[in-house]
Amino acid sequence: MSADYLQFVNLLKQKTGIDLSLYKEAQMKRRLTSLYQKRGFQSFLEYFSVIKDDKALLDEFLDKMTINVTEFYRNKSRWEVLENKIVPRLLSENQTLKTWSAASSTGEEPYTIAMILSQFIPLNQISILATDIDEKALETARRGLYTERSFAEMPSEMITKFFQKDGSVYSINKELQKTVEFRKQNLLLDPFRSGFHLIVCRNVLIYFTEEAKEQLYKKFSQALAPGGVLFVGSTEQIFNPHQYDLEVEDTFFYRKKR
Ligand SMILES: C[S@@+](CC[C@H](N)C(=O)[O-])C[C@H]1O[C@@H](n2cnc3c(N)ncnc32)[C@H](O)[C@@H]1O
């Protein structure tokens, strides 16, 4: 790690609790270098000396480092496996499902889970925890207003059922909205709740170092109830699930051993 970046990483950790040393370095450094250069700074240190006291610039930094891209039913064929295989199995074993969308970004993922669960359980019995490190993304999620770009893979009957369109804005059904509780959480720092039957954590592990990922797999496994499932993103296969007391239930779905 260059001295400039290393100092930046340390100072940022002291200020925000965010530890960039647990994120893949080359990728993160490239993103952030282009950001500080765009703002006219010469080095990471010079950039830090200003953003530490400038909320707008610090927010911009957080926005750039968190990468919030998401959409409803992202990689739809995997959600079909959740709906047709995983949820029916979980519901044959449990009356209610304790569910967590980790790194939920602007909410499309936990709301997708809610829409799928609503095929099996009345909405007023669904309760999903959704967490992210990015407060701005969480605010958007709580607001429940979306534009066309979030819907590319979403079945049209679900749009009709759960959204009301006003001009170019789609607002989410209030009953569906109430099923999700959004909370701020840093996966690399904060404690996890436990006893989950379903944990969905997609498209964030790819940004972390191997060591950080291994720690997270352990913590996710501990957070699952026996027979519970961890659903990961389509580039995030776990190569040695048994090491974490997990077994493959389907591609990208890992079941906690009983
Ligand atoms: C690319 S989005 C993925 C959103 C959604 N899971 C999906 O697959 O569509 C990555 C999310 O991870 C969040 N994130 C990054 N680092 C995190 C951390 N240490 N703890 C919690 N969330 C984090 C970002 O804020 C961002 O919203």
Side-chain angles (χ1 to χ4, degrees), residues 1-72 74-75 101-110 130-152 167-170 182-190 201-216 233-236:
M1 218 183 266
S2 70
D4 182 41
Y5 186 62
L6 182 62
Q7 276 178 294
F8 177 77
V9 168
N10 288 334
L11 290 165
L12 184 80
K13 190 173 163 189
Q14 284 166 27
K15 170 133 185 94
T16 64
I18 294 172
D19 188 353
L20 286 186
S21 72
L22 301 174
Y23 290 73
K24 282 183 193 149
E25 184 184 339
Q27 205 180 1
M28 185 59 80
K29 216 164 145 181
R30 203 174 327 114
R31 292 181 74 79
L32 298 181
T33 304
S34 79
L35 177 64
Y36 80 61
Q37 287 175 344
K38 202 171 87 188
R39 290 278 163 258
F41 298 103
Q42 307 296 320
S43 70
F44 276 108
L45 265 189
E46 187 191 351
Y47 180 55
F48 184 81
S49 70
V50 176
I51 65 170
K52 72 180 185 354
D53 303 315
D54 184 324
K55 180 148 175 11
L57 279 182
L58 185 61
D59 280 352
E60 181 189 58
F61 161 78
L62 291 173
D63 199 37
K64 192 75 178 178
M65 73 139 289
T66 50
I67 314 168
N68 298 126
V69 205
T70 184
E71 49 181 271
F72 294 103
R74 182 174 189 180
N75 311 114
S101 163
S104 57
S105 189
T106 42
E108 287 88 331
E109 178 179 282
T131 61
D132 200 279
I133 196 173
D134 183 350
E135 191 62 63
K136 265 171 76 184
L138 290 165
E139 273 169 34
T140 304
R142 289 187 192 105
R143 213 173 299 131
L145 302 177
Y146 295 95
T147 54
E148 198 79 54
R149 55 154 283 281
S150 293
F151 294 93
S168 59
V169 177
Y170 294 73
F182 290 97
R183 293 179 77 93
K184 185 172 176 184
Q185 183 203 41
N186 181 348
L187 286 172
L188 300 170
L189 183 71
D190 298 324
C201 183
R202 308 182 73 222
N203 305 303
V204 67
L205 295 164
I206 32 161
Y207 300 117
F208 298 149
T209 62
E210 285 308 309
E211 296 72 30
K213 262 192 265 189
E214 282 170 24
Q215 286 306 315
L216 276 175
S234 296
T235 54
E236 298 173 323

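- Residues Phe41 and Tyr47 bring their aromatic ring centres within 6.0 Å.
- Taken to the nearest 0.5 Å, the CD atom of Gln37 stands 10.5 Å off from the OG atom of Ser43.
- Side-chain atoms of Tyr146 come within 3.5 Å of backbone atoms of Thr106 as a donor-acceptor pair (strictly under, hydrogens ignored).
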Item to check | Evaluation steps, salt bridge (charged side-chain N to carboxylate O under 4.0 Å, His left out), between Glu139 and Arg142 | outcome: CA-CA 5 Å; Glu139 273 169 34; Arg142 289 187 192 105; 5.8 Å; no
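- Checking side-chain atoms of Asp190 against main-chain N and O of Asn186 turns up a donor-acceptor pair under 3.5 Å.
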Item to check | Trace of the side chain to side chain contact (heavy atoms under 4.5 Å, CB included) decision for Gln215 with Leu22 | outcome: CA-CA 11 Å; Gln215 286 306 315; Leu22 301 174; over 6 Å; no
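- Of all the heavy atoms in Val9 and Ser21, the pair that sits closest is CG1-N, 3.7 Å.
- For Ser150 (side chain) and Phe72 (main-chain N/O), no donor-acceptor pair under 3.5 Å exists by modelled atom type.
- Remark: Lys136 does not engage Glu60 in a salt bridge, criterion side-chain N to carboxylate O under 4.0 Å.
- Of all non-hydrogen atoms in Val69 and Arg74, the two that sit nearest each other are O-NH1, 3.0 Å.
- In the model, Tyr170 has a side-chain atom that pairs as donor or acceptor with a side-chain atom of Glu148 under 3.5 Å.
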Item to check | Residue pair Met28, Tyr5: steps toward the side chain to side chain contact (heavy atoms under 4.5 Å, CB included) verdict | outcome: CA-CA 10 Å; Met28 185 59 80; Tyr5 186 62; 3.4 Å; yes
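- The two residues Leu138 and Ala130 make their nearest non-hydrogen contact at CD2-O, 4.5 Å.
- Between Phe8 and Phe61, the ring planes lie perpendicular to each other; the angle is over 60°, past the 30° to 60° tilted range.
- Using a distance-only test at 3.5 Å, with no hydrogens or angles considered, a donor-acceptor pair links the side chain of Ser104 to the main chain of Thr131.
- In terms of heavy atoms, Ser105 sits closest to Ala141 at O-CB, 4.0 Å.
- Side-chain atoms of Val204 and Asp132, non-hydrogen and from C-beta on, never get closer than 4.5 Å to each other.
- Between the Asp4 side chain and the Phe44 main chain, a donor and an acceptor come within less than 3.5 Å of each other.
- Contact of the Leu20 side chain with the Leu32 side chain is registered, since non-hydrogen atoms from C-beta on lie closer than 4.5 Å.
- Formation of a donor-acceptor pair under 3.5 Å by the Glu236 side chain with backbone atoms of Ile206 is found in this model.
- Going from atom CG of Asp19 over to atom CG of Leu12 covers 9.0 Å, rounded to the nearest 0.5 Å.
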Item to check | Verdict with supporting geometry, Tyr23 and Tyr207, ring pair (Phe, Tyr, Trp, His ring centres under 6.0 Å) | outcome: CA-CA 6 Å; Tyr23 290 73; Tyr207 300 117; 7.6 Å; no
Item to check | Working for side chain to side chain contact (heavy atoms under 4.5 Å, CB included), residues Asn203 and Thr70 | outcome: CA-CA 9 Å; Asn203 305 303; Thr70 184; over 6 Å; no
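- Other residues, nucleotides and ligands contribute at most 12 non-hydrogen atoms within 6.0 Å of the NZ atom of Lys13.
- Qualifying side chain to side chain donor-acceptor pair (under 3.5 Å) partners for Asp54, counting only residues two or more places apart in sequence or in other chains: none.
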Checklist entry - Asp63 and Asp134: side chain to side chain contact (heavy atoms under 4.5 Å, CB included), yes or no, with the steps? => result CA-CA 8 Å; Asp63 199 37; Asp134 183 350; 4.2 Å; yes
